[in-house]
Amino acid sequence: MPLIIEEFVSGLESYIEDQGSFRNCLLSCERLQDEEASMGSSYCKSLIKLLLGVDILQPSIIKILFEKLPEFLFENVNSDGINMPRLIINQLKWLDRVVDSKDLTTKIMQLISIAPVYLQHDFIISLPEILGDSQHADVGKELSDLLTENTLLTVPILDVLSSLQLDPKLLTKVRQLVMGKLSSVMLDDLPVIIKFILHSITATDALEVVSELRERLDLEHCILPSRLQASQSKLKNKGWTSSSGNQEDSKDCVVLFFDVIKSAVRYEKIISEAWIKAIENTTSVSEHKIFDLAMLLIIYSTNIQTKKYIERVLRNKIRSGCFEEELLQSTFYIHYLVLKDICPSILSLAQSLLHSLDQSIIFFGSLLYKYAFKFFDTYCQQEVVGALVTHICSGNEAEVDTALDVLLELVVINPSAMRPNAVFIKGILDYLNNMSPQQIRKLFRILSTLAYGKQHEASNHIQDDLHLVIRKQLSSTIFKYKLIGIIGAVTMAGIMAADRSRSFSLTPRRGDLSNEQCTQVTSLLQLVHSCSEQSPQASALYYDEFANLIQGRKLAPKALEWVGQTIFNDFQDAFVVDICVVPEGDYPFPVKALYGLEDYSSHDGIAINLLPLLFSQDFAKDGDRRTSQESHQKSVSPLCLAPYFRLLRLCVERQHNGNLEEIDGLLDCPLFLTDLEPGERLESMSIKERSFICSLIFLTLNWFREVVNAFCGQTLPEMKGKVLTRLKHIVELQRVLEKHLAVTPDYVPPLANFDLETLEVTPHMSAVSAKTRVQGKMGGRKRKADGSKTSSPDRLSKEDNSECDPTPSGRSPLEKELKGKEEKVSVSLQNYHAFFRELDIEVFSILRCGLVAKFILDSEMHTEATEVVQLQPPELLFLLEDLSQKLEHMLTPSVARRIPFLKSKGNRNIGFSHLHQRSASEIAHSVFRLLTPLCNHLENIHNYFQCLSAENHGVVDGPGMKVQEYHIMSSCYQRLLQIFHAFFAWSGFVQPENHNLLYLALDILTKRLKQGEPDQPLEELLSQSFHYLQNFHVSIPTFQCALYLTRLLMVILEKSTAPTQNKEKIASLARQFLCRVWPSGEKEKSGIPNDQLQALLSMYLEHTDSVLKAIEEIAGVGVPELINSPTKDASSSTFPTLTRHTFVIFFRVMMAELEKTVKGLQVATAADSQQIHEEKLLYWNMAVRDFSILINLIKVFDSRPVLHICLKYGRLFVEAFLKQCMPLLDFSFRKHREDVLSLLETFQLNTRLLHHLCGHSKIHQDTKLTKHVPLLKKTLELLVCRVKAMLTLNSCREAFWLGNLKNRDLQGEEIISQNSQESTAEESEEDTASQVSKSKAAEDGEVEASDGEQEQESEESDNDSD
């Protein structure tokens, strides 16, 4: 047989000597036609392949092929295109059986080692199709060795290794080898390498591998050049064909690379989770890469299950500042090709982020929209606009604002791309009903910019639509739509008449308006004027809108000139009269020219014609109003006086670069009024006359406010003096107004803010509803304290008398006012917040004037006050209250102020419309510029109280004390601390662009302490600022000030990275405040609002180094002092703030902090050292002792709130004991028997008292208490079972037995069940409880279980009854 084989093989060898014959043997055979039809397939194996299928011939044929193959290795490809080496190797693929696979493996590996590179590549790729499974391990090892020798073969080798069944250790070794080379590989090779690495991951090493992979992958350097080429290719330079080819290759590699990753994360859950975890575990901001963000977006799009997880990680990263705008922009810039394919997922993520409550997360979501529009194609752009429009129509205020801001930015950046989407944006015009004025302005600005921006010739259809909508709204009979029309028209006019001289610097001829454009603008404004002149409110809104437009945007000179001249003339005609012409008429009061600042003995002065105008409007209401209007066409409502003057002032300011000489006469001039000081005839006046006087005062106040707004920036000393005098007039008039309002309860003032949001506060409403609407604002608005009224701190205390009322401002004034006029109680002007003109932020530059801490009471109203150059305390308080409210409104996080949709969402914005024209950042910068004068005032007031304390030995009502002055100064102190707190607590400081502002602000505080060297580190500045502010604690006059100072110090502390030392200082400071005797109000039981006491006590316990010791001191020292004091209104001598009235606050905070502290303690494990076990046992002994002291207080203080706190936090403490302490007792029982027994004995007494409390709750049938009983009883029962398990573990099972525990009340009296006659069985169930007593015998040195030891746990054994 072998002989025949040899003959056959030698014959074959001689036959294939001829290359042509050999080639034919390697090519597939042809079949006969009939055979082909019968086989049903056109494919046929080659001769060599057929021979290889014969087992006895296979080894010889393989030997021939490998001897023949080297002849062709270095030959060129034949003319017919056939590559002989490849053809030979193909014969070995997919053999049904390999006789000697080891020999075949050896031969082919030898061949690979000598072949040229291009053939090595082909041979290696063919290995999985040639080898049997048994050879995979050997081949894998040889290939891994080859990988270290020849980098060029990395791709085919890894491709093959992925297809072989290999030992995990070998794969790990190869993976580490490849990972080391990752930074130096070609971009073309990257997809295969990444595929191998991800393929070799197992569940145990997934996180480690992925973490290393994300660290080593530096895609920016690989991909950025291709991105640059892509941008260059847009030039379509035909000469750069080769570059363009390379660029296409690079693009393909990038897409392939991400396709590999997408496939891995889609089908391998461990990889996607590991990748998210790796990014989540990266803490340093600088370590976050563009690739991280791209990966999160890709996983978000491919893996539905991980969406929530990714959103959570993203939110945390955004909050911590790891993902900033710059990183996101770079991600889109570099990976736009990949991200374009997942556009729907990116928009879905953006939508989810916009629903957040956190401003930084909302901002990040808006950036996703912005960059998706900027980098993606037209289809995606359309989707982006559609999504933004959906947000705008959602009705959620934060979403609407953000979406409008994004649209506005897109319109400005890329108007040509936005113009095709204008049809979507126009659809929003149907949803104006639910939008605020600021949002309506933005919407019209977007549409107007599209219509009248660059190349606006193509936007005629948008222009036509806008004109139609605005005309329709202006002519509407529904007042709200008319106001919307006014806002839209003025916004559109602003865009049409914008000063384009800067933006079109290359074409200066566009700087001013053409005659045609000017005509368009003027005709639009005249249309608005004619449509609004019949309604004072509409006119006033028009003037205010126009004023805001002029203040915020530059108008073309031609338009400004026309506007200015028209307004100047109209204002004079409407409101200004000669002072020599005293109005004559049938007025109910004598008309006098009051509040003039100059001596108008000559007859050429002017005056504001206020009283006659108001009389003609008010008293015409009873007659035919229309007739009155028709007969006096030129008569203008006094309601428009302040808005019109604001518009006039801003026009003059813009035209003359801030110079107001043309209108400075309006600062001095008097008003035609009557004597406003309420005299004896106040009671005898009719309701109508009282209302008339009140309206007169409101209008005068608003005139003075606008005058102060206008002239506050003037630098001449004379002008400054006049502004300060006007400020003094405002404060005086407010005092007068309070007296009038006290006897005019149903009066509703004339409107002063004309946004749509004030429509609900209409003059037709009753006083109750109107004032209720504007109630609950930030405290203390426009209030002037005097000796006859409660002071600011006292008033706050009174309003806070109910327990834990979170808003200290705005309850009792209204209630007091409505009790009846006979009580003569003064009202607070904070309830009339919506009816005062808004002060501009520039007004607070007046704070730069010094403070004289002394009253100069001036009884004459006409005093010439030109020499006043100092800011007096009442005026200072007025300014500080207003600034404090502005900061609370603008800088407090929106989450804290969020109001549910459709629930008076506009009310909190009333009176802040001008403020909303500015960003929070601008407001913060304005406050920064005021920091030095604010520090001056703070120090002056501090000195005032220091001196006062020295003079009167700290007694508030001492002999030389001026009570009114004291209260005003303490209110100023509180407001200053609130302003500092609002500024430093601003969330915007976490943004990189505001870091410098924080640094400079802290530098100002530091330099107040000592002139330090420049460029100090931030930590040093924080420490010095903390020290500076801490120094004020000695002069704090009221508890409210103490609370704000502590909060301010906490805010400074939170910005530090090493807060330990200062943390103790805050605890010490809070304790000092709690141990201080505070002045109480005249009528209140306590001068300390409950919620503020709770806040300060919580701060003390949170910051103290030992919570348990602090609680023991208060409960073990302070409370007994209170109990033993003989008088009813007594307090603890150690803690004067602890009284019978405030005990419930102390009790609640101590119970809550005790539970929170023990819950946060780490659970002990058997592996911990003996020392740790002893420390924790000692800790739990202290905790249980504190718990025992607190629980036993219910025997003395058994009010319902105290019992409720006991039930609630008692259960939570027992639960914490079960989870945290019982494992510790398990392995401490043997070594510390006495300690454990003592601990359990103490705890048993406490749980018995809790059981009595449950019985007490049932007897009294108090639902608030009984709802806690079932859970508490269940927890107590669990405790018994757990103690039994602990004893069993320690071989002391026989020490545990069950006994009966009777139900008792708080005094220890047995409770007799009312239903005993019906069912004694039920009664016994309720009385059953378990108890462990001391075992009488101890066997083999085993520990005894003490009677005190085991929980008499008061539970009813409900399980026994089952």
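A donor atom on one side chain and an acceptor atom on the other are not found under 3.5 Å apart for D103 and S101. Using modelled atom types, one finds a donor on one side chain and an acceptor on the other under 3.5 Å when comparing Y300 with E311. Looking at Q382 and N421, their side chains never bring a donor and an acceptor atom within 3.5 Å of each other. Side-chain contact check for Q91 and S46: at least one donor-acceptor pair (N or O, by modelled atom type) lies under 3.5 Å.
Ring pair F291/F257 is tilted by interplanar angle, where 30° to 60° counts as tilted. Ring planes of H335 and F258: perpendicular class, angle over 60° (limits at 30 and 60°). Using a 30° and 60° split on the angle between ring planes, Y371 and F332 fall in the tilted class, from 30° to 60°. In this pair, Y336 and F375 present their aromatic rings tilted. The plane angle is within the 30 to 60° band.
Considering only heavy atoms from C-beta on, M435 comes within 4.5 Å of I392 through its side chain. Annotation: side chain of K262 is not in contact with side chain of Y267 (no heavy-atom distance under 4.5 Å). The side-chain heavy atoms of N90 and L26, taken from C-beta on, include no pair separated by under 4.5 Å. I362 places none of its side-chain heavy atoms less than 4.5 Å from the side chain of L353. For the pair I89 and L111, the minimum side-chain heavy-atom distance is below 4.5 Å. The side-chain heavy atoms of E268 and I201, taken from C-beta on, include no pair separated by under 4.5 Å. A 4.5 Å side-chain heavy-atom check between I112 and L127 finds at least one atom pair inside the cut-off. The closest side-chain heavy-atom distance from F363 to T402 is not below 4.5 Å.
Heavy-atom contacts from other residues, nucleotides or ligands closer than 6.0 Å to NZ of K442 number more than 12. Environment of CD in E326: sparse, with no more than 12 heavy atoms of neighbouring residues, nucleotides or ligands closer than 6.0 Å. Enclosure of atom CD1 in I114 by more than 12 non-hydrogen atoms of other residues, nucleotides or ligands within 6.0 angstrom is indicated. Summarising the local packing, CD of E208 is surrounded by 12 or fewer heavy atoms from other residues, nucleotides or ligands at distances under 6.0 Å. Other residues, nucleotides and ligands place more than 12 heavy atoms under 6.0 Å from the CG atom of D377. Other residues, nucleotides and ligands contribute at most 12 non-hydrogen atoms within 6.0 Å of the NZ atom of K102. More than 12 heavy-atom neighbours from other residues, nucleotides or ligands sit within 6.0 angstrom of CZ on F989.
In this structure a side-chain-to-backbone donor-acceptor pair under 3.5 Å is present from S320 to K317. With hydrogens and angles disregarded, a donor-acceptor distance shorter than 3.5 Å links the side chain of N316 to the backbone of R312. No donor-acceptor pair closer than 3.5 Å links the side chain of D401 to the backbone N or O of A398. One N or O on the side chain of T331 and one on the backbone of L327 form a donor-acceptor pair closer than 3.5 Å. Side-chain atoms of N994 come within 3.5 Å of backbone atoms of G988 as a donor-acceptor pair (strictly under, hydrogens ignored). Listed for the K49 side chain is a donor-acceptor partner under 3.5 Å among the backbone atoms of K93. Judged purely by atom type and a 3.5 angstrom limit, H995 uses its side chain to pair as donor or acceptor with the backbone of V990. Between the Q381 side chain and the F373 main chain, a donor and an acceptor come within less than 3.5 Å of each other. Between the T390 side chain and the G386 main chain, a donor and an acceptor come within less than 3.5 Å of each other.
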Open item on the list: Before you tell me yes or no, could you show the steps for D341 and C343 under side-chain contact (heavy atoms from CB on, under 4.5 Å), namely the whole-Å CA-CA distance, both residues' side-chain angles and the distance that decides it to 0.1 Å?
Closed with: CA-CA 6 Å; D341 296 334; C343 176; over 6 Å; no

TODO: Give the intermediate values and the outcome of salt bridge (charged side-chain N to carboxylate O under 4.0 Å, His left out) for residues K269 and E273.
DONE: CA-CA 6 Å; K269 189 181 177 185; E273 288 181 352; 3.7 Å; yes

Open item on the list: Test side-chain contact (heavy atoms from CB on, under 4.5 Å) on L404 and H391; report intermediate values, then the result.
Closed with: CA-CA 9 Å; L404 282 168; H391 281 300; over 6 Å; no

Task: L293/L314 under side-chain contact (heavy atoms from CB on, under 4.5 Å): CA gap, chis, key distance, verdict - done: CA-CA 9 Å; L293 199 45; L314 260 177; 4.0 Å; yes

- [ ] Would you please test E280 and Y309 for side chain to side chain donor-acceptor pair (under 3.5 Å) and show each step?
- [x] CA-CA 10 Å; E280 187 179 19; Y309 183 20; 2.7 Å; yes

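Taking every heavy atom of both residues into account, C380 and K340 meet most closely at SG-O, 4.4 Å. Of all the heavy atoms in I194 and I261, the pair that sits closest is CG2-CG1, 4.0 Å.
Residues E325 and K370 are paired through a salt bridge, judged by an N-O separation under 4.0 Å between the basic side chain and the carboxylate. Taking the charged nitrogens against the carboxylate oxygens, R315 and D358 have no contact shorter than 4.0 Å, which rules out a salt bridge.
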